[in-house]
Structures are given as C-alpha cells and as structure tokens.
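Residue indices begin at 1 and follow the sequence shown. Start at 1 and go down the list; that is how both ligands and their atoms are numbered.
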Amino acid sequence: MTTLPAQPAPSPEPPTPPGDWWFGNLLEFRADPLGYLARVARDSDGIGKLRFKRDVVYLVSEPDLIKELLIDHGRKYRKNTRYAFMRRVLGQGLLLSEGEDWRGQRRVAQPFFTPKGIAERVDDVARLAAEAAESWRPYAGAGEPLETEAAFSRLAQRQALQFIVGPMHERAADEIARHVEVSVQNWPERPRGRLGGLRPPNPLRLMRLKRAIEGTDACFFGFIDEYLARPTEDAGMLPALVAALDPAWTSEMKRRRLRDQLVTLFLAAFETSATGLCWTMYVLDRHPEVLARVEEEVGRVLNGRAPTAEDLPRFEYLDRVISESLRLYSPIHSLSRVALEDDTIGGCPIPAGSTVMVSLYATHRLPHHWPDPERFDPDRFLPERSAGRHRYAYIPFAIGHRNCIGGRQAVVNAKVNIATIVQRYRLRLAPGHPVEPDPRTTMRPRFGMKMLVEAR
Ligand code: HEM
C-alpha cells in the first residue's frame, strides 16, 4: 500500500472584521481611523486583513509580528509613500529613498546622531529653547492664550535648522516659519468622515500650498548657494552632505539633491518634535501630580540654570513622562509598507504588492501589554514595571533598518525644551479649548493647542 506524502496545511488567512459589502471596512475606518484600528488590533490575533473597497490592507499589531515585518523580513518591503504629494515635496531624501541610494544617505547622516555628537549640540538646543520661552513672556498672565502648536513648531524648526545648516539659518528662520504655517493651513486633508473621500481638493488651497513650498525651497536653495560660495565648517550637516555628492553630477543635480536632503531632515525633525512637545505639555496640564514631580525634579537638577548635556541623565522622571507621552500620543501614529515579494507574517500569506500597516497608536494601547491603556502613568516605564514587557510593544521611533535616525536627538531636545518651559511657566489649556488627535502625516491636535501662560 502506498502512502501519499503529507500536504502542507494551507496558511491561514488573517481575519477580516465585518464591513459593508461595497465599502468593506472603509466607512468605519474613515469615521474614526485611530479608534477603529485600535479596536481591530485589540480584537485580532496580531494580524488583521482590512478591505477598503477593492484595496486590501493588512494591519500588523502584535510586537512579535511587527518585529517579523520590520526587522526579520524588513528587506522584503519598501516604504509606502501614501501620498504621491509627499514625494513631490520631499524628493529623494533620507525618508523616502530606497535601496543603495538610501543606504548611502543613511551612512553619511549616521555620524551626526552619535551620543557624543548629540551632547555637543545640547547648548545650542538649550539656547534656542530659552530664547523661544522668553519670547512668550508677554503672554504670561495676560489672559490671551498662546497657540502652542505654532509656537513649538517655530522652536523645533529653529533647533532643526541650527542642526542641519548651522547659524546661517537665522536670517531665513522667520520666513521659513511663515511658509510652514501657510503649508500646514492648506495641506490636502485626508478624507474624513464617512463621505470625506467625495470632497474635491480646493484649488485655492492647493495654489497657496504650492507657493509656500516654493518659498521654503527658495530659502533652502539660499542656504546651499551661500555655503557653496563660502564653505565653512560651522554649517551643520551641509559640509558632510556636500562631500558625499556624486562628483559626476551637474551642479544643478547637486543643488537639487542637497535641497531634498535638507528639506527632508528639516521636516522629519521639526514636525514630529513640535507635535510631541504639544502633547506632553497637554498631558502635564491634565495631570497636576505628574507636573509637580517634573517641576520638583527640574528645580532640583538645574537650580535655575540652563540645562547642559551632563544634566540630562538626571532627569529620570522626565524621561518616563516623555516615554509615556510618546506611547499615548505617538507623533507618527502609523507606518505603512509594500511587500516586494510574496511573504508570510505570523504564518499568514502576504502577497507581493500588498500594503501592510502598523498602527503605533493601536499597538501602544494593547491591554495585554499596557494594562488600563488610556491611563497616563509615567511610572509604567520604571525598570521594575517594564520587566517582562515585550521590547517592541513600545515603538514611537519604529524599529528595523528604516527606524528613526533622530530618536535619541528627539528625546534630548524634548528634555531640554520641557525643562526650559517648566522652569519659567505653567501652561494651562485655555478653558473650553477642544482637544482631539488628528491622524494626518503626524498626529497633531486637530484644533491646535491654545494654552494660558502662567509665570512661576
Ligand atoms: C518625537 C520626535 C520623533 C518621532 C516620534 C519620530 C518618529 C519617526 C518614525 C516612526 C520614523 C519611521 C517612519 C517610517 O518608517 O515610515 C522616523 C523616521 C525618520 N526620522 Fe524621526 N522621529 C522624531 C524625530 C526626529 C528627529 C529629531 C530627526 C532628525 C534630526 C528625525 C529624522 C528622521 C529620519 C531622517 C527618518 C527616516 C529614516 C530612514 O528612513 O532611514 N526624526 N521617525
């Protein structure tokens, strides 16, 4: 009697939550993208398959499977430029390039992000933080709230510009800030609400946006031309970026490439940092007992002086506050990848060309990793309470080869900025001001964040 060879068991398809016959899961997703993905993540077994009309998106939410996707199988995926528009703005910088081009750019940028390199920049970061904080003095006790989203954005822009092009940024920083504000106001909206996708883009907004982007570009080309005409070592990352350019390129190709790199680093650095600072100051206001501990620690460590690199490790509680704020209000709320070949994640088939998504917002709220997930509790990050938690249950800076190159810098800037603010002021949410996370490219507060400034 012959026995047939055993057939491999078919790989299981990830479950699809119930949805509309035509729209699939799109309507529920559009109605509340963050909440919907958090519910799907909680109710799935680590991977779910969503249908948005004819498009399929896999949602990977368990830390083990996120590791499989972004680390173990990382090279089988490319970044998903969800908005062709984004590519038009950023071009071929570090964030959106792929393959050899990306590898070369990452190699050139990496030395700027060593602990030593970051420590050397702390005094600049602190000086710019103090200047910004002093410029808010007229708001102290005045009754008129400070629009902190715009104010923190300007601060983070200056810190990013100082880092990437050095002191020459100063003459153009205000102009860049104005262009950024117009861009933010006119950026194409992600379809919102059940019928949001049916709204046509507004041509007037698009024209204003185009002008603002051209204005920002002109400022960055100005930095590049100034540096190329009079090279100096004190020009942030520019000397290294220029030295790494392909000598075979025409000068126009070189200028274009430098613009892409600078604008990408600028945007990646300031937008996330400003958003993170906004949410941290908001949660501090909502949790007076946490704010009191931060004020005590900052007072004890600094005794009224400006923060230095040596002070930073002593901000132990502030470190946990920043982590907990990044957990609940991750400025990058989701990541998206496209499969370059057939793959499996958690044993489930992922056909080539599929879109695979990780919602940081959802994973950071999985109740079996984060008990009582909506509670703001910085002491979750105490070593004794972190023992046993999956290493990748907390991924505000992503993981794998495309993780955030600036994560360490971001935490240092956050410590310096918060300490500088807390030394001088208490920021109180303006009475009646609505607060709601808006999952755009970053997770900004939908209505901005108006706060009253009280001098301490
Ligand atoms: C709180 C602040 C920040 C957060 C939450 C954050 C988060 C992230 C995340 C999640 C990614 C991965 C995106 C993806 O895979 O699609 C990323 C990439 C990146 N970030 Fe950050 N970031 C922050 C600050 C910064 C800063 C300060 C810099 C630079 C100084 C920076 C530069 C970059 C760059 C260049 C990339 C692309 C890296 C690559 O693809 O090789 N980020 N960031």
Side-chain angles (χ1 to χ4, degrees), residues 60 66 69-71 74-75 77-83 86-87 90-114 117-118 121 124-125 152-153 155-165 236-237 241 260-280 321-338 355-361 363-364 392 394-418 441-444:
V60 175
I66 295 174
L69 171 73
L70 296 178
I71 297 181
R75 308 280 166 179
Y77 293 82
R78 68 169 167 80
K79 281 204 165 180
N80 186 9
T81 319
R82 273 172 287 191
Y83 313 112
M86 197 73 172
R87 190 173 289 283
L90 294 181
Q92 284 298 310
L94 189 50
L95 196 67
L96 299 183
S97 53
E98 296 283 345
E100 267 314 305
D101 186 11
W102 165 78
R103 222 182 316 280
Q105 293 197 44
R106 182 108 185 180
R107 208 178 302 125
V108 174
Q110 201 73 57
F112 289 89
F113 295 93
T114 58
I118 293 171
R121 291 193 290 270
D124 276 339
V125 173
F152 294 165
S153 176
L155 164 59
Q157 285 170 36
R158 295 196 92 114
Q159 289 170 332
L161 287 170
Q162 169 67 29
F163 172 33
I164 59 181
V165 298
M237 296 176 74
L241 298 178
D260 289 0
Q261 291 181 315
L262 295 181
V263 171
T264 293
L265 285 161
F266 173 65
L267 198 86
F270 94 78
E271 165 102 8
T272 44
S273 303
T275 305
L277 186 57
C278 228
W279 288 117
T280 310
V321 167
I322 292 167
S323 299
E324 178 69 341
S325 170
L326 288 174
R327 177 183 74 83
L328 278 175
Y329 299 99
S330 236
I332 300 290
H333 54 89
S334 66
L335 313 171
S336 183
R337 299 287 187 265
V338 175
T355 301
V356 185
M357 191 177 169
V358 177
S359 163
L360 281 53
Y361 182 93
T363 296
H364 287 175
Y392 301 127
Y394 175 68
I395 48 166
F397 300 110
I399 53 172
H401 65 298
R402 300 303 297 255
N403 73 347
C404 177
I405 197 169
R408 226 187 262 133
Q409 177 80 59
V411 172
V412 163
N413 288 15
K415 281 186 179 173
V416 171
N417 290 339
I418 297 164
T441 316
T442 53
M443 193 174 77
R444 312 166 73 106

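- Here atom 39 (C) of ligand 1 lies nearest to Arg106 when heavy atoms of Arg106, Gln409, Arg121 are compared.
- Between the side chain of Arg327 and the main chain of His364, a donor-acceptor pair closer than 3.5 Å is present.
- Heavy atoms of Gly276 stay at 4.0 angstrom or farther from ligand 1.
- Relative ring orientation between His401 and Trp102 is described as perpendicular, the plane-to-plane angle rising above 60° on a 0-90° scale split at 30° and 60°.
- The shortest separation from a heavy atom of Phe270 to ligand 1 is not under 4.0 Å, leaving the residue out of contact.
- Annotation: Ser273 places no N or O atom under 3.5 Å from an N or O atom of ligand 1; distance criterion only.
- Residue-to-ligand polar distances place Arg402 within reach of ligand 1: an N/O pair is separated by less than 3.5 Å.
- Per-residue contacts place Gly406 under 4.0 angstrom from the following atoms of ligand 1 (heavy atoms of the residue considered): 26 (C), 27 (C), 28 (C), 31 (C).
- Closest heavy-atom approach to atom 19 (C) of ligand 1 within the set Pro396, Cys404, Ser325, Gly400: this belongs to Cys404.
- The closest donor-acceptor contact from the side chain of Thr272 to the backbone of Ala268 lies under 3.5 Å.
- Atoms of ligand 1 found under 4.0 Å from any heavy atom of Phe163, numbered from 1 in the order shown, are 30 (C).
- Heavy atoms of Leu94 found under 4.0 angstrom from ligand 1 belong to the backbone as well as the side chain.
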Begin from the C-alpha positions of Ser153 and Gln157 and carry the test side chain to side chain donor-acceptor pair (under 3.5 Å) through to its verdict. CA-CA 6 Å; Ser153 176; Gln157 285 170 36; 3.0 Å; yes
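- Only the backbone of Asn403 comes within 4.0 Å of ligand 1, judged by heavy-atom distances.
- Listed by atom number, the atoms of ligand 1 under 4.0 Å from Ala410 heavy atoms are 1 (C), 2 (C), 24 (C).
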Does Leu70 form a side-chain contact (heavy atoms from CB on, under 4.5 Å) with Leu335? I'd like the steps, not just the answer. CA-CA 10 Å; Leu70 296 178; Leu335 313 171; 3.9 Å; yes
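- Residue Leu335 holds the heavy atom nearest to atom 13 (C) of ligand 1 of all those in Asn80, Thr264, Leu335, Leu265.
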Go through the steps for Thr363 and Ile66 under the test side-chain contact (heavy atoms from CB on, under 4.5 Å), then give the verdict. CA-CA 10 Å; Thr363 296; Ile66 295 174; 3.6 Å; yes
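- In this structure, Gln105 falls outside the shell of residues with a heavy atom less than 4.0 angstrom from ligand 1.
- Comparing heavy-atom distances from atom 41 (O) of ligand 1 across Phe113, Trp102, Trp279 singles out Trp102 as nearest.
- Contacts between Arg337 and ligand 1 below 4.0 angstrom, taking non-hydrogen atoms only, involve the side chain exclusively.
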